Engineer: 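First the structure, which I've put down as C-alpha cells, then a few questions once you've had a look.
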Amino acid sequence: MAAEIISIGDELLIGQVVNTNASWMAEQMSLAGFRTDRITVIADDREAILSALKEAGERSEIILVTGGLGPTKDDITKQALCEFFHTRLVFNQAAFDHILELFPSRGLKVTATNRAQAEIPGNCLPFPNRVGTAPGMWFEGQTIHSPSSVFIFMPGVPFEMKPMMTDWVIPHLKERFTPQAIFHKTVLTQGLGESYLSDILEKWEDALPGNIKLAYLPQPGIVRLRLSGTGKDAKELERIVNAEADRMINLIPQYFFGYDDDTLEEIVGKLLLKRNATLSTAESCTGGAIAGLITRVPGSSAYYLGSVIAYSNESKVRELGVPAEMIPSRGAVSEEVVRAMAEGVRARFSSDFSIATSGIAGPGGGTPEKPVGTTWIAVATPQKIVTGHFLMGEDRERNIRKTALQALNMLRKAILEF
C-alpha cells in the first residue's frame, strides 16, 4: 500500500527550518511495514493545501500531514480541512480539558487563543497530544475524492508529533491495514567511489530477486549500500537480504567496514579495547577532526591518549621531532614528513598506534605538483608504518572529512593485521 507525507510550512520552503519531521516519519513507517512513496512540502496557503490533499488522496491510501495546526492566524490548516472534508469547526471539550490541565502545570494562563486549539473539524476522529495543545486528527471516508484513504494530521513541532506517531498513529494504522514485511540492511564501505563500486557489483545487482533493491548512498569519505526487501514472511525476508549482503561483501571485502549505524570511530575503539591498545594522533590538515571523531565515542579515554595539532611547520619540528631539514627538502605534505609525524607522536605519548595527516585542504595553497586535496596519511603500529597518498578533491570541508575517515579506516586495517 502507498503512503505519503505532506509537510506544511512556509519556513520549510524558505530554508529557515530543515524538514526533519518527514525523514523521521518515513523511517518509522518503514519500520512498521508501510512504504512511503512521496514526500511533499507546501506553503501555509489554502489553495496549496486543498490541491495537495486532493492529489494525495487520488494516489495513496495513507496520507500523513504535519504543520499548520497552531492557534495563530498564519495557521490555516484547520480552516482548509473544513472546506476539504465538508464540515465546520466544533468545540471539543476533551481537548480543552487537556489544555486546562497542561497550562497550569507549566505556570501558564489559558487565553482565548489557546481555547481555539480545542476547535477541530466536526467529522474527524481526534487523538491525544500528550505534550502539546493541538490534538491530532484522523479522517476516513470523508471525501468523494478518496473515500478509501486515511488522512492523518499532526502538529509540526517534532516533540509533539513524534509521540503521536509512535503511541497512536502507527498502532492504529496496523489495526486498519495489513502492512507488508520490510527489511533494510546497510553495508558500509570506505575507500572507493559509488560509480566504481557499481561497476564491481553490476552483475550481482542485476541478479537480485525482484523484491530486493540496492541503493547507493554516498557521503564524503563513505558509501553506504542499502539493501531493501519487501515480502510477506519477515523472518524469511531477513534471511534472504542478509544472504545477499554477504554475497555483496565477498565482492568488495577490502572496502567493507561495518553495517547499518556503525561508525569507523566506534569500530576502531572496540578493536583497541579488545587488544588493550592505545592511540595518539598528529594532525595538520585535519586540524583536530580525527581527535573529534574519536572522542565522540563514550569511554574513548580508555584507549585514546591525546593529540598534537601541528598545523605550522615549526610545530611539526618542535612538538613532533620532524627533522628541520626535511620540510624544506621534501615539503610539509610528503610521505617523509607524515612518517616522521606519526613516529614523533607515538613516541611522545608512548602509544601503541598513531595516526598522522598532512595535506592541502584548500581552497588555496595548491601547486601543479601538489594540487588542492593532496594528502598524506601515516599509521604507525608497534611493527611498522603504513602510508597512503590521496587526492581528496577541491572542497575544504569535504577534504577534511574524507581524510579523517580514510585515516581511521587505515588504522582499522592496521589493527586487524597486528
Side-chain angles (χ1 to χ4, degrees), residues 1-9 11-12 17-42 52-53 56-57 59-69 77 124-140 146 148-188 211-215 217 219 224-235 237-238 241-242 259-263:
M1 70 194 61
E4 63 180 275
I5 296 168
I6 300 174
S7 302
I8 301 174
E11 69 278 5
L12 302 174
V17 175
V18 177
N19 188 13
T20 58
N21 277 356
S23 59
W24 183 87
M25 292 164 66
E27 179 184 30
Q28 298 306 304
M29 291 290 282
S30 178
L31 292 172
F34 297 99
R35 187 186 76 249
T36 300
D37 286 348
R38 187 184 297 255
I39 295 174
T40 305
V41 181
I42 61 174
L53 294 179
R59 62 182 170 240
S60 300
E61 294 177 88
I62 302 170
I63 300 95
L64 302 173
V65 187
T66 61
L69 299 183
T77 298
C124 77
L125 171 65
F127 54 91
N129 180 351
R130 58 182 175 83
V131 295
T133 57
M137 295 174 286
W138 176 295
F139 294 86
E140 184 172 359
S146 47
S148 62
S149 297
V150 170
F151 291 82
I152 301 165
F153 295 83
M154 294 171 284
V157 180
F159 83 88
E160 295 184 27
M161 176 274 294
K162 289 183 178 182
M164 282 187 171
M165 277 287 292
T166 56
D167 298 346
W168 203 93
V169 174
I170 295 293
H172 280 73
L173 285 176
K174 287 183 175 180
E175 290 179 2
R176 172 63 177 79
F177 299 95
T178 303
Q180 62 182 338
I182 300 177
F183 183 72
H184 302 287
K185 186 74 172 181
T186 302
V187 171
L188 306 176
N211 64 326
I212 298 178
K213 295 182 180 180
L214 174 66
L217 307 171
Q219 301 173 355
R224 299 163 64 231
L225 304 171
R226 188 192 65 224
L227 283 168
S228 299
T230 58
K232 295 181 178 180
D233 188 322
K235 289 186 178 180
L237 178 64
E238 183 175 349
V241 171
N242 283 330
Y259 296 102
D260 300 322
D261 297 324
D262 290 341
T263 66

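Quick caveat, the model's predicted, so the values are computed rather than measured. Sequential numbering from 1 along the given sequence is applied to the chain's residues.
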Engineer: Got a second to check how far R224's CZ is from T186's OG1, nearest 0.5 Å?
Structural biologist: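 Nearest 0.5 Å value for the CZ-OG1 distance: 5.0 Å.
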Engineer: Backbone N or O of A3 within a donor-acceptor pair of the D37 side chain at under 3.5 Å?
Structural biologist: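 No, D37 side chain to A3 backbone: no donor-acceptor pair under 3.5 Å.
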Engineer: Mind checking side chain to side chain contact (heavy atoms under 4.5 Å, CB included) for S23 and listing every partner two or more places apart, or none if nothing turns up?
Structural biologist: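 None.
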Engineer: So which heavy atom on M164 is nearest to which on G136, and how close?
Structural biologist: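 Here M164 and G136 meet closest at CE-N, 3.3 Å.
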Engineer: Can you say whether the rings of W138 and W168 are parallel (under 30°), tilted (30 to 60°) or perpendicular (over 60°)?
Structural biologist: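 Perpendicular, since the angle between the ring planes exceeds 60°.
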Engineer: State the CG-CD1 distance between L173 and I62, to the nearest 0.5 angstrom.
Structural biologist: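 Interatomic distance, L173 CG to I62 CD1, rounded to 0.5 Å: 5.0 Å.
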Engineer: Quick one: do T66 and I5 satisfy side chain to side chain contact (heavy atoms under 4.5 Å, CB included)? Show the steps, please.
Structural biologist: CA-CA 8 Å; T66 61; I5 296 168; 5.5 Å; no
Engineer: Taking 4.0 angstrom as the limit, do K185 and E238 come out as a salt bridge?
Structural biologist: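 A salt bridge is absent here (no side-chain N lies under 4.0 Å from a carboxylate O).
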Engineer: So, taking the atom named CD in E27 and the one named CE in M165, what distance separates them when rounded to the nearest 0.5 Å?
Structural biologist: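 It comes to 10.5 Å.
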Engineer: May I ask you to check whether over 12 heavy atoms, not counting those of D261, lie within 6.0 Å of atom CG?
Structural biologist: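 Incorrect, the count does not exceed 12.
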Engineer: Can you name the closest pair of heavy atoms from L237 and G231 and give their distance?
Structural biologist: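 That would be CD2-N, 3.8 Å.
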Engineer: Could you please spell out the steps behind the side chain to side chain contact (heavy atoms under 4.5 Å, CB included) verdict for H184 and S30?
Structural biologist: CA-CA 9 Å; H184 302 287; S30 178; 2.6 Å; yes
Engineer: Which atom pair, heavy atoms only, marks the closest approach of L69 to A134?
Structural biologist: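 Heavy atoms only, the tightest pair is O-CB, 3.6 Å.
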Engineer: Could you report the tightest heavy-atom contact between C124 and M137, atom names first, then the distance?
Structural biologist: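 Smallest interatomic distance, heavy atoms only, reads SG-CG, 3.7 Å.
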Engineer: Side-chain contact, heavy-atom cut-off 4.5 Å: F183 with N242?
Structural biologist: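 Answer yes - side chains close enough.
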Engineer: Compare all side-chain heavy atoms of I6 with those of I42 and state whether any distance is below 4.5 angstrom.
Structural biologist: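 Yes - at least one pair of side-chain heavy atoms lies under 4.5 Å apart.
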Engineer: Does the side chain of T36 pick up a donor-acceptor pair with the side chain of R38 at under 3.5 Å?
Structural biologist: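 No - no donor-acceptor pair under 3.5 Å links their side chains.
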Engineer: Please determine whether side chain to side chain contact (heavy atoms under 4.5 Å, CB included) holds for the pair L53 and F151, giving the CA-CA distance in whole Å, both sets of side-chain angles, and the decisive distance to 0.1 Å.
Structural biologist: CA-CA 9 Å; L53 294 179; F151 291 82; 4.1 Å; yes
Engineer: Kindly indicate whether the side chain of I170, heavy atoms from C-beta on, has any atom under 4.5 Å from the side chain of M29.
Structural biologist: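 Yes, their side chains come closer than 4.5 Å.
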Engineer: Do you know which of T40, N21, N19, T20 makes side chain to side chain donor-acceptor pair (under 3.5 Å) with S7?
Structural biologist: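 Per the side chain to side chain donor-acceptor pair (under 3.5 Å) rule, the option paired with S7 is N19, out of T40, N21, N19, T20.
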Engineer: Who passes salt bridge (Lys or Arg N to Asp or Glu O under 4.0 Å) against D262, sequence neighbours left out?
Structural biologist: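 Here no residue qualifies.
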Engineer: Determine whether K213 and R226 satisfy the following criterion, side chain to side chain contact (heavy atoms under 4.5 Å, CB included), listing intermediate values before the conclusion.
Structural biologist: CA-CA 8 Å; K213 295 182 180 180; R226 188 192 65 224; over 6 Å; no
Engineer: Nearest 0.5 angstrom please: F34 CZ to Q180 CD, how far?
Structural biologist: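 Between F34 CZ and Q180 CD, I get 9.5 Å after rounding to 0.5 Å.
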Engineer: Identify the two heavy atoms, one from F153 and one from F127, that lie closest to each other, and give their separation to 0.1 Å.
Structural biologist: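 Reported closest heavy-atom pair: O-CZ, 3.8 Å.
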Engineer: What's the separation between atom CG in N129 and atom CD in E160, rounded to the nearest 0.5 Å?
Structural biologist: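 Those atoms lie 4.5 Å apart.
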Engineer: How long is the gap from CD1 on I212 to CG on L227, to the nearest 0.5 Å?
Structural biologist: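 Atom-to-atom, I212:CD1 and L227:CG are 7.0 Å apart.
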Engineer: State plainly whether the residues R130 and D167 are in salt-bridge range, i.e. N to O under 4.0 Å.
Structural biologist: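 Yes, this pair counts.
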Engineer: Could you pull out the closest heavy-atom pair between S149 and G57, with the gap in Å?
Structural biologist: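 Result for this residue pair: OG-O, 3.3 Å.
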Engineer: Quick check: does any side chain N or O of T77 sit under 3.5 Å from a backbone N or O of G68, one acting as donor and the other as acceptor?
Structural biologist: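 A pair under 3.5 Å: yes.
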